[in-house]
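Shown next, in structure tokens, is the structure this report addresses.
Values below: all heavy atoms of this structure, side chains included; hydrogens, waters and symmetry mates excluded.
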Amino acid sequence: MKGHESKMARMEDILNLPVQDPPCAEFSAAHITWVKVEGGRQGGDDIALIPFSRVDDFVKGESSNAECPASFRIESRRKRSEGSISKPRVDGYLEYTLYWCSYGPEDYRDCESGLGDGSNFKPATGKGSRPGRRHMMRGCLCHFTVKRLYTRPLLALIIYNQRKHVDKTGSPCHGILDQDAVGTRAMYAPRISEELRQKVMSMLYVGISLDNIIQHHMEVVQGHGGPHNRDDFLTRNDVRNIERVIRNTSHELHIDDACSVKIWVQRHQKHVFYFQDASASEPFILGIQTDWQLQQMLRHGQNGSVASHSTFGSKKLKYPLSTLLVFDSSRNAIPVAWVITSSLTGQDNHKWVGSLAERLRTKDSRWRLNAFLVDDPSFGFSAIRDAFQCRVLLCVWHVRHAWIRSLLKTCCNIDVQREMFKHLGWILYSSRSVPNAMDAVQEFMEVFVDQSAFMDYFKSQWSPYIESWVSCIRSLPVAGPEPHAAIESYHRRLKYKLFNDQYANFWPRIDWLIHTLTTEFHSLYWLDQYIVETGYFSNLRDESFSTNAWYQALHIPDIDVILDEQNLQVAKVISQTDRNLAYTIWNPGSEFSLCDCHWSNLGNLCKHVIKVAMMCKNRQVARPLLAAQIYRQTLLSLLHNPPDDPVVLDHAILCTTRLQQDIKGWEDLSNSGLLQQLPPELNSQMADNTLLFARSH
């Protein structure tokens with residue numbers, strides 16, 4: 001199928017051409033309207049403009065040609081730096097890349113058959129023979145050039161020099177149109193696809209043997225009716241080659257860690273969505289997202305939520321690690337992006353947040369995020385709203401996790417642990433009764449003055465940040481406890497993988513962290529999703545993926561929860577394995593609930609706590625959302641004390657209108673399990689107040 005062609009155009013008019021961005025994930029020449037160039041070096045060639053960020057999608061689409069499956073290799077590449085040319089040509093480039101079909105340009109078909117003396121088969125490129133490629137060279141002249149325009153860096157000019165897969169005689173030289181290729185591998189692409197290569201590599205990283213990989217592949221091919229493309233002809237030699245690459249790959253690309261990281265970034269540009277090297281005035285920032293992670297974020301983040309897992313390893317790693325997570329149908333947290341930065345505050349987050357959002361919109365302009373959960377008050381909330389156009393929720397999993405773990409270490413009395421944990425929750429929500437958060441802290445220290453070990457920890461690690469947390473809670477809606485379990489599960493898995501003592505010598509190196517994340521750790525999550533989607537290798541599944549407390553809570557019947565709405569001090573949940581046993585939950589419905597089951601006693605968020613929290617929300621007996629209370633207080637204050645300045649008054653009316661929209665959005669989030677439900681009387685009262693305020697002024 002040929003792409004559409006338009007009338008001749010002069011090269012100096014290329015910037016007037018429309019920028020074409022087909023809506024499909026991958027696209028080919030058939031999806032583009034081409035224009036022939038008149039005169040110049042490219043005279044007679046087909047040209048088109050596309051976003052530079054979609055060049056890889058075009059190359060993949062061209063490689064999937066049904067009549068002539070191929071893979072395009074980079075034959076040559078040149079780059080220029082910005083500012084290197086004072087008067088650039090209209091088609092001047094920052095980057096120049098020549099892609100050529102891997103079945104050419106050399107032709108060794110006669111050599112392989114023993115005909116001729118081979119004297120006329122000097123490679124057309126003048127680069128000499130390519131070892132290991134002679135058997136696939138069939139003289140294909142199909143090639144195209146991609147220029148990242150100097151004057152428009154976000155655009156790529158595609159110059160298709162030869163769109164047909166033909167040899168110098170003009171005859172098809174591979175694919176189904178080549179009669180000599182029928183029944184041979186030349187009917188298909190010359191090598192396995194990048195997707196299959198990554199699939200095999202992930203299987204090898206998680207320990208699946210070569211024999212099992214080949215056997216599994218044969219079952220898959222038989223399942224869809226036999227071989228249809230090159231991937232279906234996966235051989236043991238293909239797997240051994242990938243195995244050899246893994247064995248010979250090292251995280252240390254250079255003895256200097258900083259140089260090693262730069263080399264990795266250069267080699268894996270398509271997996272880097274943001275990079276800023278450290279300087280005297282700028283922090284180090286590296287944003288990583290593989291193709292598979294991008295697919296998972298597009299899939300599970302669509303009309304869903306993304307949660308941040310911030311500043312992991314700040315005490316052991318050279319630079320802390322932050323992760324963006326999405327939640328699958330089993331309520332497991334899947335890492336969809338990693339950010340390594342030397343900045344300990346969120347003031348630089350806007351740099352990579354915007355780049356990531358643009359990357360997603362480039363892949364799917366219709367993709368929308370419902371909510372973004374942040375676990376750090378210093379995270380740039382405005383940057384998230386601007387980039388993703390979504391609501392921002394505060395997730396206190398990190399606070400809860402740190403406090404309960406410290407309590408278990410420093411306090412041996414279970415009753416005191418529960419009381420202290422409940423009081424710690426009151427500190428975060430101190431705006432209820434105490435205007436100053438530090439007053440609540442002082443009261444807490446006076447009540448539990450005998451717990452000196454915990455008090456020393458609390459004063460040194462948390463006192464400086466309490467006011468920022470309380471301020472954040474007053475201004476943002478707070479996520480419910482359900483996502484906490486999924487985030488904690490990811491935190492445990494990450495800690496187990498990275499902080500094994502055998503790797504202690506590597507912790508100061510960033511290149512080791514990058515290598516571990518993008519190979520072994522990445523493969524764990526790939527395998528789990530593959531098991532869920534296909535059912536294969538279920539015996540190899542990590543049990544922690546199937547024992548997520550959030551997912552397990554959904555399978556506890558409501559009838560097994562004993563909840564006294566008149567006395568919300570405790571709740572009971574009947575054990576699912578021993579019907580004679582009931583677990584007790586203290587402070588039910590709160591993020592600071594505790595259970596007496598074994599899993600909770602280890603400092604984890606258990607399924608019983610989550611189930612009770614879900615029941616409290618469904619019956620609307622949990623505490624009203626604090627942020628909604630603060631908004632309500634502000635709204636009533638405006639209603640009873642309207643400002644005199646008409647400009648301020650108009651702004652206040654606008655804010656109250658937006659508030660009403662926010663409340664409706666919060667209801668939607670609450671229904672999805674991310675947020676505690678608003679009592680109906682609060683919602684209706686706020687809506688009535690908003691309408692009354694607007695009408696009276």
Side-chain angles (χ1 to χ4, degrees), residues 251 253-254 256-290 293-294 297 306-326 333 335-360 372-388 392 394-395 397-398 402 464-465 468 472 487 490-491 494-495 497-499 503 506-518 521-522:
H251 69 270
L253 304 178
H254 192 280
D256 179 71
D257 187 41
C259 293
S260 183
V261 170
K262 291 178 184 177
I263 295 173
W264 187 92
V265 170
Q266 292 173 353
R267 293 181 180 178
H268 301 82
Q269 290 187 15
K270 67 178 182 178
H271 295 159
V272 176
F273 64 85
Y274 189 85
F275 177 64
Q276 175 180 280
D277 201 6
S279 66
S281 58
E282 299 290 349
F284 172 89
I285 304 176
L286 174 60
I288 303 172
Q289 184 180 61
T290 67
Q293 287 179 307
L294 176 59
M297 191 169 188
V306 169
S308 65
H309 174 273
S310 301
T311 60
F312 175 85
S314 56
K315 295 181 180 179
K316 293 185 177 180
L317 300 176
K318 181 176 181 179
Y319 296 145
L321 170 69
S322 295
T323 309
L324 296 187
L325 305 165
V326 294
V336 292
W338 290 298
V339 179
I340 305 170
T341 176
S342 59
S343 175
L344 298 179
T345 63
Q347 61 183 3
D348 295 299
N349 286 345
H350 68 278
K351 297 179 180 179
W352 62 262
V353 166
S355 297
L356 180 60
E358 182 61 29
R359 178 184 176 96
L360 293 160
F372 197 111
L373 282 63
V374 296
D375 61 349
D376 183 354
S378 68
F379 208 110
F381 308 135
S382 59
I384 297 173
R385 293 191 183 101
D386 292 342
F388 291 104
V392 180
L394 183 65
C395 183
W397 82 269
H398 179 64
Y465 308 106
S468 62
C472 194
I487 298 174
Y490 171 79
H491 177 84
L494 185 63
K495 186 175 180 180
K497 185 62 183 177
L498 296 182
F499 290 161
Y503 303 133
F506 299 134
W507 293 341
R509 291 190 67 98
I510 304 173
D511 57 2
W512 170 81
L513 175 61
I514 295 171
H515 179 76
T516 305
L517 290 174
T518 56
F521 194 66
H522 181 278

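- Classification of the Phe372-Phe388 ring pair by plane angle, with boundaries at 30° and 60°, yields tilted.
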Next on the checklist: Please evaluate residues Leu513 and Leu317 with respect to the criterion side chain to side chain contact (heavy atoms under 4.5 Å, CB included), reporting the C-alpha separation (whole Å), side-chain torsions for both, the decisive distance (0.1 Å), and the verdict.
Outcome noted: CA-CA 8 Å; Leu513 175 61; Leu317 300 176; 4.0 Å; yes

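- Annotation: side chain of Thr518 is in contact with side chain of Trp264 (closest heavy-atom distance under 4.5 Å).
- Atoms OG and CG, on Ser308 and Asn349 in that order, are 9.0 Å from each other to the nearest 0.5 Å.
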Next on the checklist: One pair to check against side chain to side chain contact (heavy atoms under 4.5 Å, CB included): Trp352 and Phe275. What are the steps and the verdict?
Outcome noted: CA-CA 8 Å; Trp352 62 262; Phe275 177 64; over 6 Å; no

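- Looking only at side-chain heavy atoms (C-beta outward), Cys472 and Phe381 come within less than 4.5 Å of each other.
- Rounded to the nearest 0.5 angstrom, Asp386 CG and His350 NE2 are separated by 10.5 Å.
- Listed for the Glu282 side chain is no donor-acceptor partner under 3.5 Å among the backbone atoms of Asp277.
- Residue Ser468 comes nearest to Pro377 through the heavy atom pair O-CB, 3.9 Å, listed as atom of the first residue, atom of the second, then distance.
- Residues Trp507 and Lys316 approach most closely at CB-O, 3.6 Å, considering heavy atoms.
- Here the OG1-CG distance, from Thr341 to Asp348, works out to 6.5 Å after rounding to the nearest 0.5 Å.
- Nearest heavy atom pair, residue Asp511 against residue Val261, reads N-CG2, 4.0 Å.
- The aromatic rings of Trp338 and Phe521 lie tilted to each other, with the angle between the two planes from 30° to 60°.
- Separation of atoms CD (Gln293) and NE2 (His271) is listed at 8.5 Å; rounding is to 0.5 Å.
- Crowding of Phe499 atom CZ: a count of heavy atoms from other residues, nucleotides or ligands under 6.0 Å exceeding 12.
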Item to check | CA sep, side-chain torsions, deciding dist, call: Cys395, Val374, side chain to side chain contact (heavy atoms under 4.5 Å, CB included) | outcome: CA-CA 6 Å; Cys395 183; Val374 296; over 6 Å; no

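- The distance between the ring centers of His309 and Trp397 falls below 6.0 angstrom.
- Closest approach of Leu498 and Phe312 over heavy atoms only: CD1-CE2, 3.8 Å.
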Item to check | Stepwise side chain to side chain contact (heavy atoms under 4.5 Å, CB included) check, Val339 with Leu324 | outcome: CA-CA 8 Å; Val339 179; Leu324 296 187; 5.6 Å; no

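- Thr290 pairs in a side-chain hydrogen bond (donor to acceptor under 3.5 Å, both in side chains) with only one of the listed residues (His268, Lys270, His522), which is His522.
- Between the CG atom of Leu286 and the CD1 atom of Ile514 there is a distance of 5.0 Å, given to the nearest 0.5 Å.
- Taking OG1 from Thr323 and OH from Tyr490, the interatomic distance works out to 3.0 Å, rounded to the nearest 0.5 Å.
- A donor-acceptor contact shorter than 3.5 Å is absent between the side chain of Arg509 and the backbone of His251.
- At a cut-off of 3.5 Å, with distance as the only test, no side-chain donor of His398 or Ser310 sits close to an acceptor on the other residue.
- A donor-acceptor pair is defined here as one N or O able to donate and one able to accept, closer than 3.5 Å; no such pair exists between the side chain of Thr311 and the backbone of Leu321.
- Contact detail for Gln276 and Pro283: the closest heavy-atom pair is NE2-O, 2.7 Å.
- Of all heavy-atom pairs between Ala307 and Ile487, the closest is CB-CD1, 3.9 Å.
- Summarising the local packing, CZ of Arg385 is surrounded by more than 12 heavy atoms from other residues, nucleotides or ligands at distances under 6.0 Å.
- Remark: the backbone N or O of Ile510 is paired with a side-chain donor or acceptor of Asp257 at under 3.5 angstrom.
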